[in-house]
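None of the values given here were measured: they were computed from a predicted structure. Scope of the values below: all heavy atoms of this structure, side chains included, with no hydrogens, waters or symmetry mates.
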Amino acid sequence: MAGERAAELPRKTYEKELLRLQTELVRMQEWVRATGARLVVVFEGRDAAGKGGTIKRVTEHLNPRIARIAALPKPTERQRTQWYFQRYVEHLPAAGEIVLFDRSWYNRAGVEHVMGFCTKEEYQLFLRQCPIFERMLVDAGILLRKYWFSVSDTEQQERFRRRLKDPLRRWKLSPMDLESITHWEAYSRAKDQMLVHTDISEAPWFTVESDDKRRARLNMIAHLLSSVPYDEVPPQVLALPERPPSTGYQRTPRDLQTYVPDHAASL
């Protein structure tokens, strides 16, 4: 039941199902490529809600020429003078492409609004224009999927603590991330307001309970696959050719090349 913490998913069960779902993602990718479909997947949610880890699992076995991640930095001074959606439009997919937005135009409904990085007028304009913008995308034939990753305040804080102690993940934390702890209720109100205005029938929001990262990843990927009407595309028939006979080529002597040191030999 939503809101109740289920038992932690065993790692072996998780890894087996993840591999199955990733195999289906490859099949979906081939359908996108073959049919010229355009798929946009929006990942939103609180800091440390598990968006990045899920995106990594989605794209792990996909062709980066077909499926790419759009994680935009803060806008430049020039971009701040543009129509708000303009810089996101540049990253929309062409035929046969998938784009995953690691945060998206919804920055204005969340961090920009809560932290005062936009005016009230800009915020209200966003809430009016966003449903129109997304209906335009859908009308143009783009498959648009929107996922909100929901994490509890206690779990978020615990993830922040682990990141502070982990040198491999400390880069994920910024002063802005930590400040979000003190604005928990403001972000909650902003999210509620965002859903009221942008949870439209043409592009509904889907909430992913993410206190358990393994369940969140499996649930999100399974839902995405179930929402895209892909079919199996027969793979191209390939045959490994026979290596032709030697024509007398001699390999360059090893001492004429510079090799990286054998670090592995010291282990």
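Between His223 and Phe206, the ring-plane angle classifies as tilted under the 30° and 60° cut-offs. The aromatic rings of Trp105 and Phe101 sit perpendicular, their planes meeting at an angle over 60°, well past the 30° parallel limit. Using a 30° and 60° split on the angle between ring planes, Phe126 and Tyr106 fall in the perpendicular class, above 60°.
Considering Arg103, Lys172, Arg159 as possible partners of Asp47, the one that fulfils the salt bridge (Lys or Arg N to Asp or Glu O under 4.0 Å) test is Arg103.
Using a distance-only test at 3.5 Å, with no hydrogens or angles considered, no donor-acceptor pair links the side chain of Arg33 to the main chain of Gly96. Of the possible donor and acceptor atoms, none in the side chain of Asp166 sits under 3.5 Å from a partner among the backbone N and O of Arg162. The main-chain N or O of Glu155 is found under 3.5 Å from a side-chain atom of Ser152 such that the two form a donor-acceptor pair. Counting only distance, with no hydrogens or angles, the side chain of Glu122 and the backbone of Thr119 share a donor-acceptor pair below 3.5 Å. Looking only at distances, a side-chain donor or acceptor of Gln79 sits under 3.5 Å from a matching main-chain atom of Thr76. Using a distance-only test at 3.5 Å, with no hydrogens or angles considered, a donor-acceptor pair links the side chain of Ser210 to the main chain of Ser150.
Residues Leu144 and Ala203 share a closest heavy-atom pair of CD2-CB, 3.7 Å.
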Next on the checklist: Could you go through Tyr230 and Glu24, starting from their C-alpha distance and side-chain angles, then the distance that decides it, and tell me whether this counts as side-chain contact (heavy atoms from CB on, under 4.5 Å)?
Outcome noted: CA-CA 10 Å; Tyr230 70 97; Glu24 286 300 316; 2.5 Å; yes
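Taking a cutoff of 4.0 Å between a charged side-chain nitrogen and a carboxylate oxygen, Arg20 and Glu17 qualify as a salt bridge. Taking the charged nitrogens against the carboxylate oxygens, Arg161 and Glu158 do have a contact shorter than 4.0 Å, which makes a salt bridge. Taking 4.0 Å as the cut-off between side-chain N and carboxylate O, Glu30 and Arg27 do not count as a salt-bridged pair. A salt bridge links Glu97 to Arg68: at least one charged side-chain nitrogen sits closer than 4.0 Å to a carboxylate oxygen. With salt bridges taken as basic N to acidic carboxylate O contacts below 4.0 Å, one links Glu15 and Arg11.
Here the side chains of Lys146 and Pro204 are not in contact, with every heavy-atom distance at 4.5 Å or above.
Relative to the ring axis of Trp148, Arg46 does not place its NZ or CZ within 45° and under 6.0 Å from the centre.
No donor-acceptor contact under 3.5 angstrom links the side chains of Gln129 and Tyr84, judged on distance only.
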